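Notes follow once the structure below has been shown.
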Amino acid sequence: MQESEHPARWWHALEDGRIQCDLCPRDCKLHEGQRGMCFVRQRTGDRMVLTTHGRSSGFCVDPIEKKPLAHFHPGSSVLSFGTAGCNLACRFCQNWDISKSRNTGSRRRADARTAERGCRATSTPGQEVSVAAAAR
Ligand code: SF4
C-alpha cells in the first residue's frame with residue numbers, strides 16, 4: 001500500500017541542511033528520506049510528511065467502561081482506533097505490535113466507522129498522544 005505524503009506541521013529547517021521536528025521532545029533532526037523515532041513522520045525533499053495520514057492500524061468497538069472515564073455515557077460503546085508508530089520505546093508496551101508496526105494501515109475513515117457501529121465516542125489508544133497529532 002502506498003504511504004501518505006500529507007504535509008506535516010510543526011517542523012523547521014536547520015542551518016546544517018537537516019529539518020527538525022518540533023512536535024515532541026525528541027526533536028528529531030532528519031536528512032533526506034529519514035524518519036523520526038515515531039516512524040510516522042518522514043523527511044521527503046525539503047519538507048516533513050505524514051506517512052500515516054488518514055490511515056489506521058486497527059479498529060475495535062469497546063464498552064465505554066474499558067476506558068479510564070467515570071460516568072461517561074455508561075452502557076454505551078466507544079470506537080477505538082490508532083495508527084502505526086510511537087515516539088516512546090517502553091519495554092513493557094502491551095501494544096508493541098501496533099506502536100512499532102511498519103504497516104501504516106488502511107485508509108478507512110474513523111468517523112464513518114463510528115457512525116456504522118453506533119458508537120457515541122472515539123478513542124485513540126496504542127501510542128503516545130503526540131503521534132495521534134502527528135497523523136492529522
Ligand atoms: S513526533 Fe516523531 S519525528 Fe517528531 S520529534 Fe517526536 S519522534 Fe521525532
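For reference, positions follow the sequence shown, starting with 1. Counting starts at 1 for both ligands and their atoms, following the listed order. The structure presented is a predicted model; accordingly, all values stated were derived computationally and were not measured.
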**Q.** Numbering as shown, the atoms of ligand 1 that approach Asn87 to under 4.0 Å (heavy-atom distance)
**A.** 7 (S)

Q) Within the distance-only criterion (no hydrogens, no angle test), does the side chain of Gln20 pair as donor or acceptor with the backbone N or O of Cys28 below 3.5 angstrom? A) no

Q: Search all heavy atoms of Arg43 against all heavy atoms of Gly17 and return the closest pair with its distance.
A: NH1-O, 2.8 Å

Q) Can any side-chain N or O of Glu65 pair as donor or acceptor with the backbone N or O of Pro74 at less than 3.5 Å? A) no

(Q) Closer than 3.5 angstrom, by distance alone: can the side chain of Thr51 be matched with the main-chain N or O of Val40 as a donor-acceptor pair? (A) yes

Q) Any N/O/S atom of Cys24 sitting less than 2.8 Å from atom 4 (Fe) of ligand 1, backbone or side chain? A) no

Q: Could you tell me which residues satisfy side chain to side chain contact (heavy atoms under 4.5 Å, CB included) with Leu69, sequence neighbours excluded, listed by chain and number?
A: Ile64, Lys67, Phe72

Q. Between Val40 and ligand 1, which part of the residue brings a heavy atom under 4.0 Å of the ligand: side chain, backbone, both or neither?
A. neither

Q) Short list, please: which atoms of ligand 1 are under 4.0 Å from a heavy atom of Cys21? A) 1 (S), 3 (S), 4 (Fe), 5 (S)

Q: Verify the distance test for Cys38 against atom 2 (Fe) of ligand 1: any N/O/S atom under 2.8 Å, yes or no.
A: yes

Q) Which ligand 1 atoms does Gly36 reach within 4.0 Å, using its non-hydrogen atoms? A) 3 (S)

